[in-house]
Amino acid sequence: MRKCLNLGICLLMAVITTSAFAKEYPSRPITFMTMTQPGAQIDRLTRGLGQRMSKILGQPINVKNVTGSHGTVMATTLSRAKPDGYSIGVTSLTAYTYAPHHAKLTYKLENFDYLSLVALNSSGFISKTDKPWKTLKEAFAWHKNNNKAMVAMFHGADDRDAITRIAKKEGVKLSLIPSKGGPSVIKAVTGGHADVGYVGAILYKHVEAGSIKLIAAALGERLPPIPDVPTLREQGYDEQVEMIVALIAPKGLSKKSKAKLLAAADALAKDKETQEFITGNLLMRPVKWGEAHADKTVKELYKTFGAQAKM
């Protein structure tokens, strides 16, 4: 009887110990989801952040590319994941702040925890080098004068809608092609399948190689590596397209797992090598990190895009 009792106590202690260890986060590999195909700038950012955060958290971080519908497919997948800290999105905010105002989706803004902004992807409209225009304004003028429809490849719903509004203003017919990320846009433009395309910071190496040219900076400022190309607003269009990238989790993370993720993000925000990787290697623009700023930014953008959708 005493042996059985001792055995029972040992088994109970083993179960309690195992249960306690199982609750420690993270105890297994984490998955970072991203909205773009492999090789795209946001994919490269995701993999770089994953490698660095893996060292902090002590677990491998795998990258899963979930493409389709300008990030909404990935957002839908993320919204259905368990809020256990093992499924994290590294993605543009537009699927959360812009898309809900223009499409029927199964998720809402409040279905996620916005852990931190991580980068602003330098972006702009591009054309093949041999096209007979230097700016987007000139591209529209050429198509209008030659009575031709412009074929444009878009990255997300926001840049698609921006160029649609511009085409309407210019009186030019537009033929739109969806993309799966920067590499597919570059391929379409250089292959002559699209007259113009919208793409992120991946554009720099192709501009340098001479296969494409930047015809409009999409941010509120010119792109420092190519300062002679005017912004959309400088070309007379009241438009600005910002590809803000953030760390996002399904709503409902435990306090402990969320605290560890936020601490890891804070460590990367303060790490000079990580910031050099983002701004120097990927040529993305720096942003303010932290949950409070991310939450504020998301709510402000959602409100702004909501008002815009009603116009």
Side-chain angles (χ1 to χ4, degrees), residues 30-57 60-65 67 71 74 88-94 115-126 155-156 159 179-187 189-190 197-214 217-229 241-248 261 264-290 293-294 297:
I30 297 166
T31 296
F32 272 9
M33 296 183 196
T34 187
M35 58 183 276
T36 60
Q37 63 185 169
Q41 210 72 350
I42 294 178
D43 171 75
R44 293 177 62 203
L45 173 65
T46 302
R47 294 177 190 279
L49 292 179
Q51 290 170 2
R52 290 161 175 79
M53 196 171 283
S54 173
K55 294 177 182 178
I56 298 171
L57 295 174
I61 294 182
N62 304 312
V63 174
K64 184 177 181 181
N65 299 84
T67 63
M74 198 217 83
I88 305 295
V90 184
T91 178
S92 168
L93 286 180
T94 53
L115 304 176
S116 181
L117 307 185
V118 293
L120 170 61
N121 199 0
S122 299
S123 63
F125 289 89
I126 61 169
H155 192 285
D159 65 278
S179 78
K180 292 184 178 180
S184 64
V185 178
I186 299 292
K187 186 177 180 180
V189 169
T190 56
Y198 173 82
V199 71
I202 193 175
L203 68 89
Y204 291 125
K205 65 179 182 180
H206 294 280
V207 169
E208 187 177 353
S211 58
I212 64 167
K213 57 187 173 184
L214 178 68
L219 307 184
E221 59 184 19
R222 296 190 181 197
L223 304 184
I226 315 174
D228 56 325
V229 179
V241 185
E242 291 189 330
M243 205 186 298
I244 303 172
V245 187
L247 282 173
I248 303 173
L261 285 167
D266 185 55
L268 293 183
K270 296 174 181 176
D271 180 54
K272 290 184 179 180
E273 189 277 331
T274 298
Q275 295 307 312
E276 174 59 26
F277 162 70
I278 294 171
T279 60
N281 190 312
L282 298 181
L283 295 175
M284 291 182 167
R285 309 296 292 154
V287 293
K288 182 178 179 181
W289 289 51
H293 180 66
T297 300

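Below, all heavy atoms of this structure are taken into account, side chains as well, without hydrogens, waters or symmetry copies.
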Given the options Leu93, Val90, Val287, Val245 meets side chain to side chain contact (heavy atoms under 4.5 Å, CB included) only with Val90
Rounding to 0.5 Å, atoms OG1 (Thr91) and CG (Asp43) come to a distance of 12.0 Å
Less than 4.5 Å apart, side chain to side chain, heavy atoms only: is that true for Ile56 and Leu268?
yes
### Close side-chain approach of Val199 and His206, heavy atoms under 4.5 Å
no
(message) Can you confirm whether His155 sits close enough to Thr36 that some side-chain heavy atom of one is under 4.5 Å from a side-chain heavy atom of the other?
(response) yes
* To do: Indicate yes or no: at least one non-hydrogen side-chain atom of Leu219 is less than 4.5 angstrom from one of Glu242.
  => yes
Nearest heavy-atom approach of Leu49 to Phe32 is C-CE2, 4.2 Å
Worksheet item: Is the closest side-chain heavy-atom distance between Tyr204 and Ile226 below 4.5 Å?
Response: yes
Output for pair (Leu214 CG, Ile126 CD1), nearest 0.5 Å, gives 8.5 Å
In short, Lys288 meets Leu117 closest at the heavy-atom pair O-CB, 3.8 Å
Heavy atoms of Gly290 and Ser116 approach each other most closely as N-OG, 3.0 Å
Sorted by chain and residue number, the side-chain hydrogen bond (donor to acceptor under 3.5 Å, both in side chains) partners of Ser179 (sequence neighbours excluded) come out as none
Rounding to 0.5 Å, atoms CE (Met53) and CG (Asp271) come to a distance of 11.0 Å
query: Does CD belonging to Glu208 count more than 12 external heavy atoms closer than 6.0 Å?
result: no
